[in-house]
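Everything below concerns the one structure shown next.
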4 protein chains.
Amino acid sequence: MSNATVPERLISAATELFAAKGFDRVAVQEVVDRAGVTKGAMYHYFGSKDDLLHEIYGSVLRMQTARLEEIAAGPEPITHRLHAAAADVIVTSIDNFDQAKVYFRSADHLAEDKRLAMRAERRTYHERFRALVEEGQAAGVFRTDIPADLTVHYYFGSVHHLGTWYSPEGPLAAKDIGRHYADLLLASLRL
Amino acid sequence: MSNATVPERLISAATELFAAKGFDRVAVQEVVDRAGVTKGAMYHYFGSKDDLLHEIYGSVLRMQTARLEEIAAGPEPITHRLHAAAADVIVTSIDNFDQAKVYFRSADHLAEDKRLAMRAERRTYHERFRALVEEGQAAGVFRTDIPADLTVHYYFGSVHHLGTWYSPEGPLAAKDIGRHYADLLLASLRL
Amino acid sequence: MSNATVPERLISAATELFAAKGFDRVAVQEVVDRAGVTKGAMYHYFGSKDDLLHEIYGSVLRMQTARLEEIAAGPEPITHRLHAAAADVIVTSIDNFDQAKVYFRSADHLAEDKRLAMRAERRTYHERFRALVEEGQAAGVFRTDIPADLTVHYYFGSVHHLGTWYSPEGPLAAKDIGRHYADLLLASLRL
Amino acid sequence: MSNATVPERLISAATELFAAKGFDRVAVQEVVDRAGVTKGAMYHYFGSKDDLLHEIYGSVLRMQTARLEEIAAGPEPITHRLHAAAADVIVTSIDNFDQAKVYFRSADHLAEDKRLAMRAERRTYHERFRALVEEGQAAGVFRTDIPADLTVHYYFGSVHHLGTWYSPEGPLAAKDIGRHYADLLLASLRL
DNA sequence: CATGAATGAGACTTCATTCAT
DNA sequence: CATGAATGAAGTCTCATTCAT
């Protein structure tokens, strides 16, 4: 841990603290103390406290977007692909739980310009996922009485909420939760 | 608005501001300015900024708990009662959107003692809802392969997430969203 | 001194310190220490350190503008009025020496918007003074081969420079310096 | 510019920046960025930020002192020599405008020891100029009712003030301003 | 010669809260 | 009841300078 580079240690410390207490409740001093450096060092690598958040924020989303793209582009039938995508986002959120918590909670703490950029990335993700739902609807395997857009919000609410209740000490493994959530989603969409 | 009592005006102002910017991003001065009173007045009626939050926080939850109790205790079949409960929490969250947003977002901003009290109330609500799911499982109308507890988290994620994407200007009315969400939940539980 | 109001004490302390060391070399902490209050008190009355400067800055200029207007509007012949105006600005600058020094030195330390406002006031003063020179030119008593505008810059350079060399311990009284400077100006303008 | 030596590029960058924003408003980082080198390089050649200022500061003054000596030592009559000296300081200040601005504005930003050294050089210059005025007084061609010392302050105020209002885009050339200023000075001294 | 990471002190500012009136 | 002046702690950020490489 101590042999990681300074910026890595800072990101790591910030991730843990932001996840635990929320961005606004964490002082820069706490971050640098935990990373074992001084404030000057932090401002050498990051322009601001916001930058630190931005860095963390983007990493999960980018990773999940990449995985979604890959899953969505697969050759399997749509039900299978949607199930895989739905389960995957759960598993990766739990595997990177601190990062995910920061991402889930801190949307509006970013400065104006970065917030817009982030919103765009988020929107892309949302739309890729929605396209899967619509594909199933077009294929005649998913219900069409509920707008796909709403279903996606519905499902991602469940995902984001993980940050509120999930604990690694709980009885269920990430894979199980992912499967259950995906099952619930697919069941609610079938005709 | 100006003919409301001072504490009412304060709660009202705080609700709007906390909903819009988050508890930590709102200064007491902003709240009193919007309420048209001075800081002294606020500290006359409320012990602290946290108190203000606590007041708002509790009100939605208490109201929703009461409604849930009533719906759950009704004579209708379980599928009907769960559907009604699921739809109702959506509708009341949207009807009291600012309060709900504050409630959804500000869980961890309460001081230790109040947080515990609040968690207990929340847990009660969660358990009452879970009891409905379990009732359906016991009655043989809901699937049992997914823990009821998980399903409740799943659904309340969707509810809490409303605060992130819902806008009154959108195409769907509160009632529609409530119905759709409840439909999705019931569909995912049916055998 | 200690029975002055807090804002007065702050302005007073700031004036002395800014005059002695320059705006950028004075910490807010020094100002409040000298005024015998805390930083919080300062920010209760003034929005920023810049505000403090702005307050000081404006006061001399406004006073001198008022006096210039009065002198310029008098019934005396133009040579007499220009002499009086030229001497007066020296005397009032010396009588309010700390304020004047702050004014002479700190033009570009103001924030953008305030700087523009101040520049406008300054310009007004400059132009009122120039009008006197032009009046004398039009009346045929002052030379016309040198642009009035340039002469005004020339003279106000001398005035501003007082802050650099003048000391109350010196041999000359404010009135003497005023008279000498005004004599030099008038002599340089006569035909 | 890029083929100048590193210390030259640093001095050049510092001059422009100090002139534009004032010594205290310029970060060492900005200077080295503009010079296209790193901070280490700067500290290799200069002991401190103050050193940079000192270097700039001295150069104008030394040059002007040399020129004054030469003009003053000439064979021309005193009125002619004073006029030439007065005009020359204007022209050289404008020709080296950034350096001059730094010199005019940054007197008190030097550290104690350097400030004293600088003051001595400045005093020498002042006294050499004053000697010219006194020479004219002794020769019976300049008025004696105004102390020569005061007249020198008077004139150098005008010179220093150039930094505040002069712009190369203006209608007057350096030579014109020099002539006008010298004319004004001589006119104010004649009997 | 030159780099650039890192320091550490100190800068300005914000803000929840208290208290005399 | 209500005011608003004042506090004091804490917050984010800047910057001249040093030093191992």
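Letters A, B, ... mirror the listed sequences (proteins, then strands); counts begin at 1. As the structure is a prediction and not an experimental result, all values here were calculated from the model.
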Mapping A:M42 and C:S48 to their closest nucleotides on DNA chain E, which lands nearer the 5' end? A:M42
Looking at B:F18, is B:K101 sitting on its ring face, NZ or CZ under 6.0 Å from the six-membered ring centre and within 45 degrees of the normal? no
Test: A:R122 cationic atom under 6.0 Å from A:Y103 six-membered ring centre, within 45° of axis: yes
Spacing of C:L10 atom CG relative to F:dA6 atom P, expressed in whole Å: 9 Å
Does C:V32 reach the side chain of C:V28, with side-chain heavy atoms less than 4.5 Å apart? yes
Compare side-chain N and O positions of B:H44 against OP1 and OP2 of F:dC1 and report whether any pair is under 4.0 Å apart. no
Closest to side chain of D:V6, choosing from E:dA2, F:dC13, E:dA5: E:dA2
Are side-chain N/O atoms of A:S93 and A:Q99 paired as donor and acceptor at under 3.5 Å? no
Could you state the atom-to-atom distance from CG of D:L53 to C1' of F:dA16 in whole Å? 15 Å
Can you tell me which residue among B:V31, B:L52, B:T5 is in a side-chain contact (heavy atoms from CB on, under 4.5 Å) with B:I11? B:L52
Where does DNA chain E form stems of at least three consecutive Watson-Crick or G-U wobble pairs, each pair having both distances below 3.5 Å? E:2-21 with F:2-21
Taking atom P in both E:dC1 and F:dT21, compute the distance separating them and give it to the nearest angstrom. 22 Å
Counting side-chain heavy atoms from C-beta on, which of E:dT13, E:dA2, F:dC13 comes nearest to C:K49? E:dT13
Report which part of the nucleic acid B:F46 touches: base, sugar-phosphate, or nothing (heavy-atom distance under 4.0 Å, all strands). nothing
Ignoring the backbone of C:Y45, work out which of E:dA5, E:dT3, F:dA5 is nearest its side chain. F:dA5
Given side chains that start at C-beta, do those of C:M118 and C:R115 come closer than 4.5 Å, heavy atoms only? no
Interface with DNA chain F, restricted to residues 20-40 of chain C and to heavy atoms under 4.0 Å: C:V37, C:T38, C:G40
Within the structure, does a side-chain N or O atom of A:Y43 lie under 4.0 Å from either OP1 or OP2 of F:dC13? yes
Quick one: does C:R34's side chain have a donor or acceptor within less than 3.5 Å of a partner on C:A13's backbone? no
Any non-hydrogen side-chain atom of C:F23 less than 4.5 Å from a side-chain atom of C:K49? yes
Could you tell me whether the side chain of B:N96 reaches within less than 4.5 Å of the side chain of B:M63, counting heavy atoms only? yes
